[in-house]
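Each remark here refers to the structure printed beneath this line.
Note that the coordinates shown come from a computational prediction; the quantities given were computed from them, not determined experimentally.
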Amino acid sequence: MAVPKRKTSRMKRGFRRSADALQKPTYVEDKDSGELRRPHHIDLKSGMYRGRQVLTPKSEA
């Protein structure tokens with residue numbers, strides 16, 4: 001049977017448990033299209049980022 005050699009410190013235990021406090025990702029409403037997107041990410045439907053055309057828009061097929 002596996003037995004830990006040393007006691008896990010409060011700090012290391014806290015590092016491990018910090019992932020439990022993760023929150024759901026936030027979304028913002030796009031100013032141009034009005035759709036929800038992640039902050040600081042490209043709007044994939046329109047291809048716009050910060051008011052500039054970065055990608056060619058997806059074709060509706």
Would you please name every residue forming a side chain to side chain contact (heavy atoms under 4.5 Å, CB included) with [X], sequence neighbours left out?
X	value
S9	M11, K12
P39	T26, V28
Q53	M48, P57

Note to self: For the OH atom on Y49, are there more than 12 heavy atoms of other groups (residues, nucleotides or ligands in this structure) within a distance under 6.0 Å?
What the structure shows: yes

Next item on the list: Output the rest of the hydrophobic cluster of Y27: all Ile, Leu, Val, Met, Phe, Trp and Tyr residues reachable through side-chain heavy-atom contacts under 4.5 Å, sorted by chain and number.
Entry: L36

Notebook entry, point to check: Can you list the residues that meet the side-chain hydrogen bond (donor to acceptor under 3.5 Å, both in side chains) rule with T8, with sequence neighbours excluded?
Noted result: none

Next item on the list: Measure the spacing between CD1 of I42 and CZ of R50 and express it to the nearest 0.5 Å.
Entry: 12.0 Å

Notebook entry, point to check: Does the S33 side chain pair with the main chain of D30, one donor and one acceptor, at a distance under 3.5 Å?
Noted result: no

Item checked: Pair R37 + D43: basic N to acidic O under 4.0 Å -> no

Item checked: CA sep, side-chain torsions, deciding dist, call: E35, K45, side chain to side chain contact (heavy atoms under 4.5 Å, CB included) -> CA-CA 9 Å; E35 299 212 7; K45 266 196 169 171; 3.1 Å; yes

Checklist line | Inter- and intrachain pairs under salt bridge (charged side-chain N to carboxylate O under 4.0 Å, His left out), touching residues 14-23, at least two apart | finding: none

